[in-house]
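Everything below concerns the one structure shown next.
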Amino acid sequence: MYSAPVAASSRETSAGAGWQQQDPGTYRELMPEHVVKLSWLDPRTLWRARNGPLASMFGDPTGADRQRWVRAQTERGEADADLLIEREDGDTFSFVVMGDTGEGDGPQYAVVPGLLKAGEGTRFAVVCSDVLYPVGTGNEYPEKFFRPYQDYDAPIYAIPGNHDWYDGLTGFMRVFCRTPALPPRRKSRFPSRGWWRDLLWAAPDTPDDALIDRARLMRSAPSQAASQPGPYWAMDTGPLRLIGIDTGLLGTIDAEQGAWLRRVAQGPRPKILLTGSPIYVDGEHHPCAIEGGGTVDDIVRDPAHHFVAAIGGDIHNYQHYPVDVDGRRIEYVVSGGGGAFMHATHTIPRVGIGGVTEDDFRCYPMRGDSLTFYSRFYGRRLRMRRLLELTPEQAAAVVAERTGVAPVRATDERPTARTRFVASLLGVAPPPGRRRRRFLPRLPVHTALTKGVSPAGATYSPPFFKNFLRLDVTPGSVRIRCFAATGMRAQELDPPVEDEFTIALGGGDVPSPRPAASGDAAPAPDPRSAPEG
(Lines give C-alpha, C1' and ligand atoms only; values in the text may rest on other atoms or scores of the structure.)
Protein backbone atom coordinates (compact mmCIF):
# COMPACT_ATOMS: atom_id res chain seq x y z
CA MET A 1 0.00 0.00 0.00
CA TYR A 2 1.43 3.38 -1.05
CA SER A 3 2.79 5.51 1.81
CA ALA A 4 3.08 9.18 0.96
CA PRO A 5 6.52 10.68 1.58
CA VAL A 6 6.89 13.54 4.01
CA ALA A 7 6.28 16.34 1.50
CA ALA A 8 5.16 19.80 2.52
CA SER A 9 1.60 20.59 1.53
CA SER A 10 0.04 23.95 0.78
CA ARG A 11 -1.19 24.03 4.37
CA GLU A 12 2.41 24.08 5.60
CA THR A 13 4.43 26.22 3.19
CA SER A 14 3.88 28.44 0.18
CA ALA A 15 6.44 26.32 -1.65
CA GLY A 16 4.23 23.30 -0.93
CA ALA A 17 1.44 25.16 -2.72
CA GLY A 18 3.65 25.58 -5.78
CA TRP A 19 4.47 29.24 -5.24
CA GLN A 20 8.02 30.62 -5.13
CA GLN A 21 10.62 29.92 -7.77
CA GLN A 22 10.57 26.20 -8.54
CA ASP A 23 11.54 23.85 -11.32
CA PRO A 24 8.69 23.16 -13.77
CA GLY A 25 7.30 19.65 -13.96
CA THR A 26 7.97 17.08 -16.64
CA TYR A 27 4.32 16.79 -17.66
CA ARG A 28 4.90 18.69 -20.92
CA GLU A 29 6.97 15.75 -22.14
CA LEU A 30 3.78 13.66 -22.05
CA MET A 31 1.73 16.08 -24.13
CA PRO A 32 1.23 15.90 -27.89
CA GLU A 33 3.30 18.32 -29.98
CA HIS A 34 0.21 20.26 -30.95
CA VAL A 35 -2.52 21.06 -28.43
CA VAL A 36 -5.78 22.42 -29.80
CA LYS A 37 -6.52 25.61 -27.90
CA LEU A 38 -9.95 25.57 -26.33
CA SER A 39 -11.46 28.99 -25.72
CA TRP A 40 -14.80 29.51 -24.02
CA LEU A 41 -14.76 33.03 -25.46
CA ASP A 42 -15.11 31.53 -28.93
CA PRO A 43 -18.78 31.68 -30.05
CA ARG A 44 -18.28 28.37 -31.85
CA THR A 45 -17.43 26.65 -28.54
CA LEU A 46 -20.45 28.16 -26.83
CA TRP A 47 -22.68 27.11 -29.72
CA ARG A 48 -21.43 23.52 -29.53
CA ALA A 49 -22.21 23.50 -25.79
CA ARG A 50 -25.71 24.91 -26.18
CA ASN A 51 -27.64 21.82 -25.09
CA GLY A 52 -27.30 22.60 -21.38
CA PRO A 53 -28.97 26.02 -21.58
CA LEU A 54 -31.58 24.62 -23.99
CA ALA A 55 -32.47 21.86 -21.51
CA SER A 56 -32.90 24.48 -18.78
CA MET A 57 -35.21 26.61 -20.92
CA PHE A 58 -37.23 24.08 -22.90
CA GLY A 59 -37.14 20.83 -20.91
CA ASP A 60 -34.48 18.20 -20.31
CA PRO A 61 -34.60 15.05 -22.48
CA THR A 62 -31.69 13.44 -20.61
CA GLY A 63 -33.84 11.00 -18.62
CA ALA A 64 -35.54 9.54 -21.68
CA ASP A 65 -32.24 9.33 -23.60
CA ARG A 66 -30.52 7.68 -20.64
CA GLN A 67 -33.23 5.02 -20.52
CA ARG A 68 -32.70 4.38 -24.24
CA TRP A 69 -28.97 3.87 -23.65
CA VAL A 70 -29.56 1.46 -20.76
CA ARG A 71 -32.22 -0.41 -22.72
CA ALA A 72 -29.80 -0.77 -25.65
CA GLN A 73 -27.18 -2.26 -23.34
CA THR A 74 -29.68 -4.70 -21.85
CA GLU A 75 -30.91 -5.79 -25.27
CA ARG A 76 -27.32 -6.38 -26.39
CA GLY A 77 -26.76 -8.58 -23.34
CA GLU A 78 -24.12 -6.23 -21.94
CA ALA A 79 -26.01 -5.37 -18.73
CA ASP A 80 -28.22 -7.05 -16.18
CA ALA A 81 -31.05 -5.36 -14.30
CA ASP A 82 -28.75 -4.14 -11.53
CA LEU A 83 -26.03 -2.88 -13.90
CA LEU A 84 -23.55 -4.63 -11.62
CA ILE A 85 -19.77 -4.75 -12.02
CA GLU A 86 -18.26 -7.57 -9.99
CA ARG A 87 -14.56 -7.44 -9.23
CA GLU A 88 -12.18 -9.71 -7.32
CA ASP A 89 -9.95 -7.26 -5.48
CA GLY A 90 -9.74 -9.00 -2.12
CA ASP A 91 -10.50 -7.39 1.22
CA THR A 92 -7.47 -5.09 1.08
CA PHE A 93 -6.92 -2.97 -2.01
CA SER A 94 -6.72 0.62 -3.26
CA PHE A 95 -8.29 2.67 -6.04
CA VAL A 96 -8.20 6.19 -7.47
CA VAL A 97 -10.98 8.73 -7.95
CA MET A 98 -10.49 11.78 -10.17
CA GLY A 99 -13.07 14.15 -11.57
CA ASP A 100 -13.43 16.57 -14.49
CA THR A 101 -10.26 15.44 -16.15
CA GLY A 102 -9.89 18.22 -18.64
CA GLU A 103 -9.32 19.75 -22.00
CA GLY A 104 -6.20 17.89 -23.15
CA ASP A 105 -3.95 20.77 -22.09
CA GLY A 106 -1.22 21.40 -19.51
CA PRO A 107 -3.36 21.26 -16.35
CA GLN A 108 -4.74 17.84 -17.32
CA TYR A 109 -1.34 16.37 -18.14
CA ALA A 110 0.16 17.94 -15.00
CA VAL A 111 -1.90 15.51 -12.92
CA VAL A 112 -0.42 12.44 -14.59
CA PRO A 113 3.08 12.14 -13.03
CA GLY A 114 1.75 12.39 -9.47
CA LEU A 115 -1.17 10.11 -10.31
CA LEU A 116 1.18 7.41 -11.55
CA LYS A 117 3.35 7.76 -8.44
CA ALA A 118 0.69 8.07 -5.73
CA GLY A 119 -1.60 5.69 -7.64
CA GLU A 120 1.01 2.96 -7.78
CA GLY A 121 -0.49 -0.39 -6.88
CA THR A 122 -4.10 0.73 -7.16
CA ARG A 123 -6.51 -1.78 -8.69
CA PHE A 124 -8.63 0.63 -10.74
CA ALA A 125 -9.63 4.26 -11.19
CA VAL A 126 -12.96 6.04 -11.55
CA VAL A 127 -13.48 9.30 -13.43
CA CYS A 128 -16.20 11.05 -11.50
CA SER A 129 -17.93 13.47 -13.94
CA ASP A 130 -16.95 15.21 -17.19
CA VAL A 131 -14.39 12.92 -18.76
CA LEU A 132 -13.44 15.59 -21.28
CA TYR A 133 -14.32 19.06 -22.55
CA PRO A 134 -15.98 20.86 -24.20
CA VAL A 135 -18.74 18.54 -25.45
CA GLY A 136 -17.60 14.97 -24.84
CA THR A 137 -17.30 14.01 -28.50
CA GLY A 138 -15.85 10.56 -29.07
CA ASN A 139 -13.30 11.84 -31.57
CA GLU A 140 -11.50 13.82 -28.85
CA TYR A 141 -10.93 10.83 -26.56
CA PRO A 142 -7.55 9.88 -28.12
CA GLU A 143 -5.77 13.03 -26.89
CA LYS A 144 -7.92 13.74 -23.82
CA PHE A 145 -8.32 10.25 -22.35
CA PHE A 146 -6.32 7.44 -23.92
CA ARG A 147 -3.04 9.36 -24.28
CA PRO A 148 -2.88 10.98 -20.81
CA TYR A 149 -3.62 7.74 -18.95
CA GLN A 150 -1.85 5.27 -21.21
CA ASP A 151 0.67 4.41 -18.47
CA TYR A 152 -1.90 3.91 -15.71
CA ASP A 153 -1.73 0.13 -15.50
CA ALA A 154 -5.26 -0.65 -14.30
CA PRO A 155 -8.87 -0.34 -15.55
CA ILE A 156 -10.59 3.05 -15.65
CA TYR A 157 -14.36 3.31 -15.17
CA ALA A 158 -16.40 6.50 -15.45
CA ILE A 159 -19.68 8.21 -14.79
CA PRO A 160 -20.69 11.06 -17.11
CA GLY A 161 -21.03 14.72 -16.29
CA ASN A 162 -23.01 17.42 -18.03
CA HIS A 163 -20.28 18.03 -20.62
CA ASP A 164 -20.37 14.36 -21.64
CA TRP A 165 -24.09 14.82 -22.26
CA TYR A 166 -23.55 17.77 -24.63
CA ASP A 167 -22.74 15.06 -27.18
CA GLY A 168 -25.86 13.12 -26.24
CA LEU A 169 -23.55 10.68 -24.40
CA THR A 170 -22.59 9.19 -27.76
CA GLY A 171 -18.83 9.47 -27.25
CA PHE A 172 -18.96 8.30 -23.64
CA MET A 173 -21.01 5.20 -24.46
CA ARG A 174 -18.83 4.35 -27.46
CA VAL A 175 -15.63 4.50 -25.40
CA PHE A 176 -16.68 3.02 -22.04
CA CYS A 177 -19.48 0.65 -23.08
CA ARG A 178 -18.65 0.07 -26.76
CA THR A 179 -22.25 0.91 -27.59
CA PRO A 180 -23.12 2.11 -31.12
CA ALA A 181 -24.94 5.41 -31.54
CA LEU A 182 -28.66 5.51 -30.84
CA PRO A 183 -31.15 6.20 -33.61
CA PRO A 184 -32.41 9.81 -33.61
CA ARG A 185 -34.96 10.68 -30.96
CA ARG A 186 -38.56 11.32 -32.11
CA LYS A 187 -39.12 15.06 -32.58
CA SER A 188 -41.63 16.95 -30.44
CA ARG A 189 -44.72 18.41 -32.06
CA PHE A 190 -45.13 22.08 -32.90
CA PRO A 191 -45.62 24.45 -31.07
CA SER A 192 -44.48 22.82 -27.82
CA ARG A 193 -41.44 23.81 -25.78
CA GLY A 194 -39.86 20.54 -26.87
CA TRP A 195 -40.26 21.56 -30.52
CA TRP A 196 -38.19 24.70 -29.93
CA ARG A 197 -35.60 22.65 -28.07
CA ASP A 198 -35.37 20.07 -30.85
CA LEU A 199 -35.08 22.83 -33.44
CA LEU A 200 -31.90 24.19 -31.82
CA TRP A 201 -30.55 20.99 -30.27
CA ALA A 202 -26.96 20.05 -31.17
CA ALA A 203 -26.79 16.64 -32.82
CA PRO A 204 -23.93 14.40 -31.62
CA ASP A 205 -20.80 14.09 -33.71
CA THR A 206 -20.36 10.81 -35.54
CA PRO A 207 -17.65 8.82 -33.76
CA ASP A 208 -14.74 7.81 -35.96
CA ASP A 209 -14.62 4.15 -34.94
CA ALA A 210 -11.25 3.57 -36.61
CA LEU A 211 -9.74 6.53 -34.76
CA ILE A 212 -11.09 5.35 -31.41
CA ASP A 213 -9.98 1.77 -32.01
CA ARG A 214 -6.44 2.97 -32.80
CA ALA A 215 -6.49 5.04 -29.62
CA ARG A 216 -7.49 1.98 -27.60
CA LEU A 217 -4.10 0.49 -28.41
CA MET A 218 -2.59 3.01 -25.98
CA ARG A 219 -4.50 1.25 -23.17
CA SER A 220 -4.63 -2.27 -24.54
CA ALA A 221 -2.78 -4.25 -21.85
CA PRO A 222 -4.89 -6.99 -20.22
CA SER A 223 -4.37 -5.27 -16.86
CA GLN A 224 -6.05 -2.13 -18.25
CA ALA A 225 -9.15 -3.84 -19.62
CA ALA A 226 -12.42 -2.41 -18.30
CA SER A 227 -16.05 -3.04 -19.12
CA GLN A 228 -18.99 -1.20 -17.62
CA PRO A 229 -22.67 -1.86 -18.26
CA GLY A 230 -23.96 1.68 -18.68
CA PRO A 231 -23.73 5.34 -17.70
CA TYR A 232 -24.64 4.41 -14.13
CA TRP A 233 -23.63 1.24 -12.34
CA ALA A 234 -22.95 -0.56 -9.07
CA MET A 235 -19.62 -2.21 -8.31
CA ASP A 236 -19.01 -4.88 -5.68
CA THR A 237 -15.35 -4.86 -4.73
CA GLY A 238 -13.83 -6.18 -1.53
CA PRO A 239 -15.96 -5.17 1.47
CA LEU A 240 -17.48 -2.20 -0.43
CA ARG A 241 -20.22 -1.48 -2.91
CA LEU A 242 -19.51 1.57 -5.07
CA ILE A 243 -22.54 3.14 -6.75
CA GLY A 244 -22.02 5.54 -9.63
CA ILE A 245 -24.98 7.66 -10.72
CA ASP A 246 -25.50 9.73 -13.87
CA THR A 247 -26.91 13.19 -13.08
CA GLY A 248 -27.19 14.26 -16.71
CA LEU A 249 -27.29 17.82 -17.96
CA LEU A 250 -29.02 19.48 -15.02
CA GLY A 251 -27.87 17.55 -11.96
CA THR A 252 -30.94 15.33 -11.48
CA ILE A 253 -31.83 11.70 -12.10
CA ASP A 254 -34.87 10.20 -13.79
CA ALA A 255 -37.44 7.99 -12.08
CA GLU A 256 -36.08 4.77 -13.60
CA GLN A 257 -32.56 5.45 -12.32
CA GLY A 258 -34.05 6.50 -8.98
CA ALA A 259 -35.82 3.15 -8.63
CA TRP A 260 -32.58 1.36 -9.53
CA LEU A 261 -30.64 3.41 -6.95
CA ARG A 262 -33.11 2.54 -4.20
CA ARG A 263 -32.79 -1.13 -5.13
CA VAL A 264 -28.99 -1.38 -5.29
CA ALA A 265 -28.64 0.68 -2.09
CA GLN A 266 -30.31 -2.07 -0.08
CA GLY A 267 -28.34 -4.35 2.21
CA PRO A 268 -25.76 -4.07 4.99
CA ARG A 269 -22.68 -3.77 2.79
CA PRO A 270 -20.92 -0.37 3.29
CA LYS A 271 -21.41 1.90 0.28
CA ILE A 272 -19.79 4.92 -1.34
CA LEU A 273 -21.76 7.04 -3.80
CA LEU A 274 -19.96 8.48 -6.83
CA THR A 275 -21.92 11.25 -8.52
CA GLY A 276 -21.52 13.85 -11.22
CA SER A 277 -23.16 16.47 -9.00
CA PRO A 278 -21.83 16.91 -5.44
CA ILE A 279 -24.34 16.99 -2.61
CA TYR A 280 -22.47 19.45 -0.36
CA VAL A 281 -20.54 22.10 -2.26
CA ASP A 282 -19.54 25.76 -1.82
CA GLY A 283 -21.13 25.83 1.62
CA GLU A 284 -24.51 24.71 0.28
CA HIS A 285 -26.60 21.53 0.30
CA HIS A 286 -27.79 20.18 -3.08
CA PRO A 287 -29.60 16.90 -2.36
CA CYS A 288 -30.15 16.01 -6.08
CA ALA A 289 -33.80 15.61 -7.02
CA ILE A 290 -35.23 12.36 -8.32
CA GLU A 291 -37.99 12.60 -10.92
CA GLY A 292 -41.27 11.67 -9.28
CA GLY A 293 -40.18 12.58 -5.75
CA GLY A 294 -37.42 12.21 -3.22
CA THR A 295 -33.73 12.98 -3.47
CA VAL A 296 -30.48 11.12 -3.81
CA ASP A 297 -29.40 12.40 -0.40
CA ASP A 298 -32.52 10.88 1.18
CA ILE A 299 -31.21 7.52 0.01
CA VAL A 300 -27.66 8.25 1.17
CA ARG A 301 -28.83 9.31 4.64
CA ASP A 302 -31.13 6.32 5.20
CA PRO A 303 -29.33 4.24 7.86
CA ALA A 304 -30.65 1.04 6.30
CA HIS A 305 -28.48 1.70 3.23
CA HIS A 306 -25.15 2.03 5.05
CA PHE A 307 -23.57 4.79 2.96
CA VAL A 308 -20.32 6.06 4.45
CA ALA A 309 -19.35 8.66 1.81
CA ALA A 310 -20.61 10.53 -1.26
CA ILE A 311 -17.98 11.82 -3.71
CA GLY A 312 -18.95 14.18 -6.53
CA GLY A 313 -17.25 15.97 -9.39
CA ASP A 314 -18.47 18.91 -11.53
CA ILE A 315 -16.86 21.64 -9.38
CA HIS A 316 -13.17 21.86 -10.23
CA ASN A 317 -11.55 21.85 -6.80
CA TYR A 318 -11.52 19.77 -3.60
CA GLN A 319 -13.93 20.21 -0.69
CA HIS A 320 -14.69 17.98 2.30
CA TYR A 321 -17.74 18.13 4.57
CA PRO A 322 -17.89 15.52 7.39
CA VAL A 323 -21.62 15.62 8.16
CA ASP A 324 -23.19 14.09 11.27
CA VAL A 325 -26.43 12.32 10.30
CA ASP A 326 -28.30 11.09 13.37
CA GLY A 327 -25.14 10.02 15.13
CA ARG A 328 -23.47 8.60 12.02
CA ARG A 329 -20.85 10.47 10.05
CA ILE A 330 -21.13 10.60 6.27
CA GLU A 331 -18.18 12.07 4.41
CA TYR A 332 -19.34 14.37 1.59
CA VAL A 333 -16.51 15.17 -0.81
CA VAL A 334 -16.06 17.30 -3.92
CA SER A 335 -13.22 16.03 -6.10
CA GLY A 336 -13.38 17.71 -9.49
CA GLY A 337 -9.80 18.92 -9.79
CA GLY A 338 -8.63 16.24 -12.21
CA GLY A 339 -7.47 18.60 -14.95
CA ALA A 340 -10.09 21.12 -16.05
CA PHE A 341 -9.74 24.85 -15.30
CA MET A 342 -9.86 25.65 -11.58
CA HIS A 343 -13.04 26.80 -9.88
CA ALA A 344 -12.38 29.38 -7.18
CA THR A 345 -12.55 28.51 -3.49
CA HIS A 346 -12.13 32.10 -2.25
CA THR A 347 -15.80 32.68 -3.09
CA ILE A 348 -16.88 30.00 -0.56
CA PRO A 349 -18.37 31.76 2.48
CA ARG A 350 -17.49 30.81 6.01
CA VAL A 351 -18.82 27.26 6.34
CA GLY A 352 -21.64 26.47 8.72
CA ILE A 353 -23.94 23.85 7.24
CA GLY A 354 -25.05 20.35 8.20
CA GLY A 355 -23.26 20.75 11.51
CA VAL A 356 -19.96 21.29 9.66
CA THR A 357 -17.93 24.33 10.75
CA GLU A 358 -14.67 25.80 9.51
CA ASP A 359 -12.85 23.62 12.05
CA ASP A 360 -14.13 20.54 10.15
CA PHE A 361 -14.15 21.85 6.57
CA ARG A 362 -11.23 21.45 4.16
CA CYS A 363 -10.74 22.76 0.65
CA TYR A 364 -7.94 22.73 -1.90
CA PRO A 365 -6.74 25.16 -2.97
CA MET A 366 -7.13 27.12 0.24
CA ARG A 367 -9.01 30.37 -0.17
CA GLY A 368 -5.91 32.56 -0.07
CA ASP A 369 -4.15 30.51 -2.77
CA SER A 370 -7.29 30.61 -4.89
CA LEU A 371 -7.40 34.42 -4.67
CA THR A 372 -3.70 34.63 -5.55
CA PHE A 373 -4.27 32.40 -8.58
CA TYR A 374 -7.14 34.51 -9.91
CA SER A 375 -5.44 37.83 -9.16
CA ARG A 376 -2.45 36.65 -11.20
CA PHE A 377 -4.70 35.40 -13.95
CA TYR A 378 -6.69 38.61 -14.33
CA GLY A 379 -3.67 40.83 -13.73
CA ARG A 380 -1.81 39.19 -16.62
CA ARG A 381 -4.76 38.74 -18.93
CA LEU A 382 -5.93 42.35 -18.49
CA ARG A 383 -2.36 43.70 -18.31
CA MET A 384 -3.03 45.23 -14.91
CA ARG A 385 -0.58 43.27 -12.80
CA ARG A 386 0.44 46.18 -10.55
CA LEU A 387 -3.18 46.76 -9.62
CA LEU A 388 -4.62 43.25 -9.47
CA GLU A 389 -1.85 40.75 -8.68
CA LEU A 390 -1.54 39.70 -5.03
CA THR A 391 1.14 37.68 -3.30
CA PRO A 392 0.03 34.57 -1.39
CA GLU A 393 0.64 36.45 1.87
CA GLN A 394 -1.43 39.48 0.79
CA ALA A 395 -4.24 37.23 -0.41
CA ALA A 396 -4.29 35.20 2.80
CA ALA A 397 -4.47 38.37 4.91
CA VAL A 398 -7.35 39.98 3.03
CA VAL A 399 -9.29 36.68 2.84
CA ALA A 400 -8.94 36.34 6.61
CA GLU A 401 -10.26 39.85 7.15
CA ARG A 402 -13.23 39.46 4.82
CA THR A 403 -14.33 35.94 5.69
CA GLY A 404 -13.38 35.80 9.34
CA VAL A 405 -11.34 32.66 8.64
CA ALA A 406 -7.77 32.81 9.92
CA PRO A 407 -5.07 31.80 7.45
CA VAL A 408 -3.48 28.39 7.95
CA ARG A 409 -0.08 29.67 6.81
CA ALA A 410 0.77 32.46 9.21
CA THR A 411 1.42 35.90 7.68
CA ASP A 412 2.42 39.33 8.97
CA GLU A 413 0.73 41.07 6.05
CA ARG A 414 -2.05 43.55 6.72
CA PRO A 415 -4.81 44.30 4.21
CA THR A 416 -4.53 47.56 2.30
CA ALA A 417 -7.03 49.55 0.27
CA ARG A 418 -5.70 47.90 -2.91
CA THR A 419 -5.89 44.33 -1.61
CA ARG A 420 -9.40 44.98 -0.27
CA PHE A 421 -10.45 46.30 -3.68
CA VAL A 422 -9.05 43.23 -5.45
CA ALA A 423 -10.76 40.92 -2.95
CA SER A 424 -14.10 42.62 -3.54
CA LEU A 425 -13.64 42.65 -7.30
CA LEU A 426 -12.81 38.94 -7.44
CA GLY A 427 -15.65 37.88 -5.18
CA VAL A 428 -14.06 36.95 -1.87
CA ALA A 429 -16.84 35.91 0.47
CA PRO A 430 -17.90 38.78 2.78
CA PRO A 431 -17.66 38.79 6.59
CA PRO A 432 -20.36 36.83 8.44
CA GLY A 433 -23.68 38.65 8.40
CA ARG A 434 -22.80 40.93 5.49
CA ARG A 435 -24.28 40.51 2.02
CA ARG A 436 -21.95 39.72 -0.86
CA ARG A 437 -21.39 42.51 -3.32
CA ARG A 438 -22.04 41.36 -6.83
CA PHE A 439 -18.85 42.19 -8.67
CA LEU A 440 -17.03 40.44 -11.48
CA PRO A 441 -17.59 36.76 -10.49
CA ARG A 442 -21.36 37.25 -10.76
CA LEU A 443 -21.13 38.56 -14.32
CA PRO A 444 -21.04 36.33 -17.40
CA VAL A 445 -17.66 37.80 -18.38
CA HIS A 446 -16.08 36.16 -15.30
CA THR A 447 -17.02 32.68 -16.42
CA ALA A 448 -16.00 33.46 -19.99
CA LEU A 449 -12.60 34.80 -18.98
CA THR A 450 -11.97 31.98 -16.53
CA LYS A 451 -12.83 29.33 -19.11
CA GLY A 452 -11.19 31.21 -21.96
CA VAL A 453 -7.65 30.55 -20.82
CA SER A 454 -5.35 29.51 -23.63
CA PRO A 455 -3.66 26.18 -22.80
CA ALA A 456 -0.39 27.48 -24.23
CA GLY A 457 -0.78 30.99 -22.85
CA ALA A 458 1.47 32.58 -20.24
CA THR A 459 -1.61 33.65 -18.30
CA TYR A 460 -2.37 30.08 -17.22
CA SER A 461 0.80 28.79 -15.66
CA PRO A 462 1.58 26.61 -12.65
CA PRO A 463 0.65 26.16 -9.89
CA PHE A 464 -2.54 24.61 -11.28
CA PHE A 465 -4.02 23.32 -7.97
CA LYS A 466 -5.29 20.02 -9.38
CA ASN A 467 -6.12 17.00 -7.23
CA PHE A 468 -7.05 13.33 -7.20
CA LEU A 469 -8.03 10.86 -4.46
CA ARG A 470 -6.52 7.58 -3.39
CA LEU A 471 -8.77 5.29 -1.34
CA ASP A 472 -7.12 2.47 0.62
CA VAL A 473 -9.60 -0.20 1.66
CA THR A 474 -9.27 -2.80 4.42
CA PRO A 475 -11.98 -5.03 5.91
CA GLY A 476 -12.57 -2.45 8.65
CA SER A 477 -11.80 0.95 7.13
CA VAL A 478 -11.33 3.20 4.12
CA ARG A 479 -8.56 5.77 4.21
CA ILE A 480 -9.08 8.67 1.78
CA ARG A 481 -6.22 10.96 0.82
CA CYS A 482 -6.41 14.02 -1.42
CA PHE A 483 -3.17 14.42 -3.39
CA ALA A 484 -2.18 17.71 -5.00
CA ALA A 485 -0.80 18.26 -8.50
CA THR A 486 0.63 21.71 -9.13
CA GLY A 487 2.61 21.32 -12.34
CA MET A 488 5.86 21.81 -10.42
CA ARG A 489 8.64 19.25 -10.33
CA ALA A 490 8.75 19.02 -6.52
CA GLN A 491 5.09 18.01 -6.30
CA GLU A 492 5.53 15.51 -9.16
CA LEU A 493 8.29 13.72 -7.26
CA ASP A 494 6.48 13.75 -3.92
CA PRO A 495 2.74 14.44 -4.37
CA PRO A 496 1.69 16.23 -1.18
CA VAL A 497 -1.35 15.15 0.81
CA GLU A 498 -3.77 18.06 1.24
CA ASP A 499 -6.37 16.17 3.28
CA GLU A 500 -6.60 12.75 4.86
CA PHE A 501 -9.27 10.95 6.87
CA THR A 502 -10.32 7.41 7.71
CA ILE A 503 -13.82 5.92 7.61
CA ALA A 504 -14.66 2.97 9.85
CA LEU A 505 -16.73 0.36 8.02
CA GLY A 506 -18.37 -1.30 10.99
CA GLY A 507 -21.78 -0.60 12.48
CA GLY A 508 -22.04 3.10 11.77
CA ASP A 509 -18.88 3.95 13.70
CA VAL A 510 -17.67 7.54 13.55
CA PRO A 511 -14.43 7.79 11.58
CA SER A 512 -11.22 8.81 13.26
CA PRO A 513 -10.54 12.54 13.43
CA ARG A 514 -8.39 14.20 10.79
CA PRO A 515 -4.77 14.63 11.87
CA ALA A 516 -4.00 18.24 12.70
CA ALA A 517 -2.12 19.97 9.92
CA SER A 518 0.83 22.18 10.70
CA GLY A 519 -0.29 25.77 10.91
CA ASP A 520 -3.90 25.08 11.91
CA ALA A 521 -5.08 27.72 14.29
CA ALA A 522 -6.66 26.55 17.52
CA PRO A 523 -10.36 27.34 17.93
CA ALA A 524 -10.95 30.60 19.77
CA PRO A 525 -14.02 32.33 21.17
CA ASP A 526 -13.87 34.92 18.40
CA PRO A 527 -15.80 33.28 15.51
CA ARG A 528 -13.43 34.90 13.05
CA SER A 529 -10.43 32.99 14.37
CA ALA A 530 -11.29 29.58 12.93
CA PRO A 531 -8.67 28.13 10.56
CA GLU A 532 -9.06 28.49 6.83
CA GLY A 533 -10.54 25.56 4.86
Side-chain angles (χ1 to χ4, degrees), residues 52-53 55-57 60 62-63 66 97 99-100 126-130 159-165 231-232 243-255 257-258 261-262 265 271-302 305 307-326 328-338 340 342-358 360-364 427 429 436 441-442 447 467 469 533:
S56 298
M57 291 185 291
D60 184 8
T62 299
R66 184 188 295 118
V97 174
D100 302 82
V126 179
V127 178
C128 189
S129 176
D130 289 337
I159 56 172
N162 58 311
H163 285 265
D164 300 307
W165 270 101
Y232 57 91
I243 299 178
I245 62 171
D246 169 16
T247 55
L249 283 169
L250 302 181
T252 62
I253 68 175
D254 61 275
Q257 186 180 182
L261 176 59
R262 292 184 177 95
K271 299 172 185 71
I272 294 178
L273 181 77
L274 301 168
T275 170
S277 298
I279 292 174
Y280 280 88
V281 60
D282 294 345
E284 300 175 348
H285 182 217
H286 299 272
C288 185
I290 299 174
E291 180 187 23
T295 70
V296 169
D297 201 28
D298 292 338
I299 298 171
V300 170
R301 288 169 174 258
D302 188 334
H305 296 155
F307 278 92
V308 297
I311 303 172
D314 188 54
I315 302 301
H316 305 168
N317 52 46
Y318 173 83
Q319 300 174 45
H320 175 203
Y321 302 82
V323 177
D324 182 85
V325 180
D326 299 327
R328 299 174 299 117
R329 182 172 293 178
I330 300 178
E331 309 286 353
Y332 292 89
V333 175
V334 179
S335 185
M342 188 192 86
H343 279 135
T345 59
H346 63 262
T347 59
I348 302 174
R350 183 185 178 88
V351 171
I353 188 170
V356 179
T357 67
E358 281 291 336
D360 310 309
F361 173 70
R362 291 290 184 270
C363 65
Y364 177 76
R436 185 194 300 269
R442 293 296 185 177
T447 299
N467 78 273
L469 306 182

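Only a predicted model underlies this, so the values are computations on that prediction, with no experimental measurement involved.
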Side-chain donor-acceptor contact under 3.5 Å, T62 with D60: yes

Criterion side-chain contact (heavy atoms from CB on, under 4.5 Å) on I330 and V300, from CA distance to verdict: CA-CA 9 Å; I330 300 178; V300 170; 4.1 Å; yes

Backbone of R301 reached by a side-chain donor or acceptor of R328 within 3.5 Å: yes

Donor-acceptor pair, side chain of H343 and main chain of H316, under 3.5 angstrom: yes

Check: D254 main-chain N/O paired with E291 side-chain donor or acceptor under 3.5 Å: no

Donor-acceptor pair, side chain of D100 and main chain of G313, under 3.5 angstrom: no

CG-OG distance between L249 and S56, expressed to the nearest 0.5 angstrom: 8.0 Å

CG on L274 to SG on C128, rounded to 0.5 Å: 5.0 Å

Least distance between heavy atoms, V356 atom then P322 atom: CG2-O, 3.2 Å

Candidate pair F361 and Q319, rule side-chain contact (heavy atoms from CB on, under 4.5 Å), full reasoning: CA-CA 7 Å; F361 173 70; Q319 300 174 45; 4.0 Å; yes

4.5 Å side-chain heavy-atom contact, V296 and P287: no

Between NE2 on residue H286 and CD1 on residue I279, distance to nearest 0.5 Å: 11.0 Å

Min side-chain heavy-atom separation I311-Y332 under 4.5 Å: no

Nearest heavy-atom neighbours spanning S277 and T247: OG-OG1, 3.0 Å

Contact check, side chains of N317 and C363, non-hydrogen atoms, under 4.5 Å: no

Residue pair H320, Y318: steps toward the side-chain contact (heavy atoms from CB on, under 4.5 Å) verdict: CA-CA 7 Å; H320 175 203; Y318 173 83; 3.5 Å; yes

Donor-acceptor pair, side chain of D130 and main chain of H163, under 3.5 angstrom: yes

Minimum heavy-atom distance between I299 and A265, given as atom pair plus value: CG2-CB, 3.9 Å

Main-chain N/O of P231 paired to D246 side chain as donor or acceptor, under 3.5 Å: no

Side-chain donor/acceptor of Y321 to backbone N/O of G283, under 3.5 Å: yes

Heavy-atom closest contact (G294 atom, R262 atom, distance): CA-NH2, 4.2 Å

Parallel, tilted or perpendicular: ring planes of F307 versus H305, cut at 30 and 60 degrees: perpendicular

Rounded distance (nearest 0.5 Å) linking atom CG of L261 with atom CD1 of I253: 5.0 Å

Any donor-acceptor N/O pair, Q257 side chain to Y232 backbone, under 3.5 Å: no

Side chains of D297 and Y280, donor plus acceptor under 3.5 Å: no

Side chain to side chain donor-acceptor pair (under 3.5 Å) between T347 and D282, worked out: CA-CA 8 Å; T347 59; D282 294 345; 5.8 Å; no

Donor-acceptor under 3.5 Å (E358 side chain, V351 main chain): yes

T252 to C288 - nearest heavy-atom pair and separation: CA-SG, 4.1 Å

Straight-line distance of D314 CG to T275 OG1, nearest 0.5 Å: 9.0 Å

Over all atoms of both residues, closest heavy-atom pair of A429 and P349: CB-CA, 3.4 Å

Gap between atom CD1 of I272 and atom CD1 of I243 - 0.5 Å precision: 10.5 Å

D164 and N162: CA distance, side-chain angles, deciding distance, side-chain contact (heavy atoms from CB on, under 4.5 Å) verdict: CA-CA 5 Å; D164 300 307; N162 58 311; over 6 Å; no

